[in-house]
Amino acid sequence: MALRDLSSSSSSPELHVLAVDDSFVDRKVLERLLKISACKVTTVESGTRALQYLGLDGDNGSSGLKDLKVNLIVTDYSMPGLTGYELLKKIKESSALREIPVVIMSSENIQPRIEQCMIEGAEEFLLKPVKLADVKRLKELIMRGGEAEEGKTKKLSPKRILQNDIDSSPSSSSSTSSSSSSHDVSSLDDDTPSSKRIKLESRG
């Protein structure tokens with residue numbers, strides 16, 4: 001089982017992220033972005049491995065792992081065997097794990113798929129390639145969510161967050177062409193969040 005824990009010396013609370021993707025390259029990219037954002041990362045290569053890590057597979061051998069606190073699960077949508085969507089449903093059906101935010105990633109901007117994941121409880125849907133801006137925004141989201149839970153305040157819904165990212169950003173311009181809204185793999189530091197790319201491609 002491919003597991004990697006990356007510690008941070010930051011004084012701020014360290015978030016533990018479980019990253020699930022069958023693509024080795026995509027796992028390494030996501031791991032790097034999360035590490036840059038001072039997160040602790042555990043990577044697994046399949047939905048089945050994720051269930052084992054979370055202790056949802058019924059295997060007593062994983063009982064020691066499920067005691068580890070996971071603050072966020074980021075999973076690819078299309079994977080052989082157990083898909084990201086199926087993993088999402090199993091997590092949300094678990095009374096012990098349903099409160100863990102789950103983010104779905106995909107290289108395909110298919111609106112019905114996105115809506116289906118959001119209905120099933122996904123925190124957000126990211127369009128690959130995932131950017132550093134996406135990871136930073138997710139970290140802020142989880143930090144705000146934790147504060148809201150402690151204060152018993154209402155948590156901002158994922159769909160509103162997606163829309164707010166579009167409407168409030170001064171960098172979003174009507175002059176953006178459809179050609180420039182396609183997947184940009186030129187830089188991991190691209191500050192165009194995937195939520196904006198989803199909207200832009202939907203217009204194209």
Side-chain angles (χ1 to χ4, degrees), residues 1-8 10 12-106 113-114 116-126 128 130 134-135 137-150 152 155 157-158 161:
M1 187 156 119
L3 301 177
R4 296 195 176 188
D5 293 337
L6 302 173
S7 59
S8 169
S10 174
S12 61
E14 187 179 51
L15 296 180
H16 182 194
V17 182
L18 177 61
V20 189
D21 202 315
D22 62 307
S23 166
F24 175 79
V25 173
D26 288 346
R27 282 202 311 274
K28 295 301 292 183
V29 170
L30 183 58
E31 184 179 42
R32 177 186 169 189
L33 293 178
L34 288 165
K35 182 179 179 181
I36 291 173
S37 300
C39 293
K40 178 180 180 181
V41 188
T42 298
T43 63
V44 294
E45 69 277 13
S46 68
T48 301
R49 292 291 193 185
L51 290 182
Q52 291 175 352
Y53 184 84
L54 295 168
L56 288 180
D57 64 335
D59 183 2
N60 293 331
S62 62
S63 59
L65 290 174
K66 65 182 179 183
D67 293 330
L68 297 176
K69 180 175 177 58
V70 174
N71 304 105
L72 174 67
I73 298 171
V74 183
T75 178
D76 185 32
Y77 182 94
S78 299
M79 295 185 292
L82 192 73
T83 67
Y85 175 72
E86 292 168 336
L87 176 61
L88 166 68
K89 292 183 66 176
K90 287 184 177 295
I91 291 171
K92 294 307 175 181
E93 289 169 358
S94 168
S95 58
L97 301 175
R98 64 169 61 126
E99 297 303 320
I100 300 178
V102 180
V103 173
I104 307 293
M105 307 176 293
S106 178
R113 174 184 296 179
I114 297 173
Q116 188 178 36
C117 289
M118 302 302 285
I119 290 172
E120 289 295 335
E123 196 72 21
E124 191 163 334
F125 194 102
L126 298 181
K128 288 184 176 182
V130 177
D134 294 319
V135 173
R137 185 161 46 83
L138 288 177
K139 184 176 180 181
E140 292 173 359
L141 168 66
I142 303 308
M143 296 296 290
R144 289 199 305 267
E147 293 172 358
E149 184 178 352
E150 291 177 3
K152 303 297 183 182
K155 187 176 179 182
S157 71
I161 291 169

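We use all heavy atoms of the structure for the numbers below, so side chains are in, but hydrogens, waters and symmetry mates are not. The first residue in the sequence is number 1, and the count goes up from there.
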Just say parallel, tilted or perpendicular for the rings of His16 and Tyr53, cut-offs at 30° and 60°.
perpendicular
Does the pair Asp76 and Asp22 meet the rule for a side-chain contact (heavy atoms from CB on, under 4.5 Å), with working shown?
CA-CA 8 Å; Asp76 185 32; Asp22 62 307; 3.5 Å; yes
When you compare the side chains of Gln52 and Arg49, does any donor N or O come within less than 3.5 Å of an acceptor on the partner?
yes
Between Lys139 and Cys39 (side chain of the first, backbone of the second, donor and acceptor by atom type, cut-off under 3.5 Å), is there such a pair?
no
Could you go step by step and tell me if Val17 and Val74 meet the side-chain contact (heavy atoms from CB on, under 4.5 Å) rule?
CA-CA 7 Å; Val17 182; Val74 183; 3.9 Å; yes
Stepwise side-chain contact (heavy atoms from CB on, under 4.5 Å) test for Arg113 and Ile104
CA-CA 10 Å; Arg113 174 184 296 179; Ile104 307 293; over 6 Å; no
Quick one: pull up CG in Leu87 and OG1 in Thr48 and give me the separation to the nearest 0.5 Å.
9.0 Å
Roughly how far apart are Ser37 OG and Arg137 CZ, rounded to 0.5 Å?
12.0 Å
For Glu123 and Leu141, the nearest pair of non-hydrogen atoms, with its separation, is CG-CD2, 3.5 Å
Would you name the heavy atoms of Ala50 and Val20 that are closest together and state the gap between them?
CB-CG2, 3.8 Å
Indicate the atoms forming the closest heavy-atom contact of Glu14 with Asn71, along with that distance.
O-OD1, 4.0 Å
Hey, could you give me the NZ/SG distance between Lys89 and Cys117, rounded to the nearest 0.5 Å?
10.5 Å
Glu31/Lys28 salt bridge by N-O under 4.0 Å criterion
yes
For Lys90, look at atom NZ and say whether over 12 heavy atoms of other residues, nucleotides or ligands are found less than 6.0 Å away.
no
Got a sec, which residues hit salt bridge (Lys or Arg N to Asp or Glu O under 4.0 Å) with Asp26, two or more places apart in sequence or on another chain?
Lys128
For Leu30 and Ala19 the tightest heavy-atom approach is CD2-CB, 3.6 Å
According to salt bridge (Lys or Arg N to Asp or Glu O under 4.0 Å), does anything in residues 77-87 pair up with another residue at least two apart or in another chain? List the pairs.
none
If we check side chain to side chain contact (heavy atoms under 4.5 Å, CB included) with Glu124, which of these qualifies: Ile114, Leu138, Asp134?
Leu138
Is there a donor-acceptor contact under 3.5 Å from the side chain of Lys92 to the main chain of Ile100?
yes
Nearest-0.5 Å distance, OG1 of residue Thr75 to CG of residue Leu88
8.5 Å
Checking Arg98 now: which residues fulfil salt bridge (Lys or Arg N to Asp or Glu O under 4.0 Å) with it, not counting sequence neighbours?
none
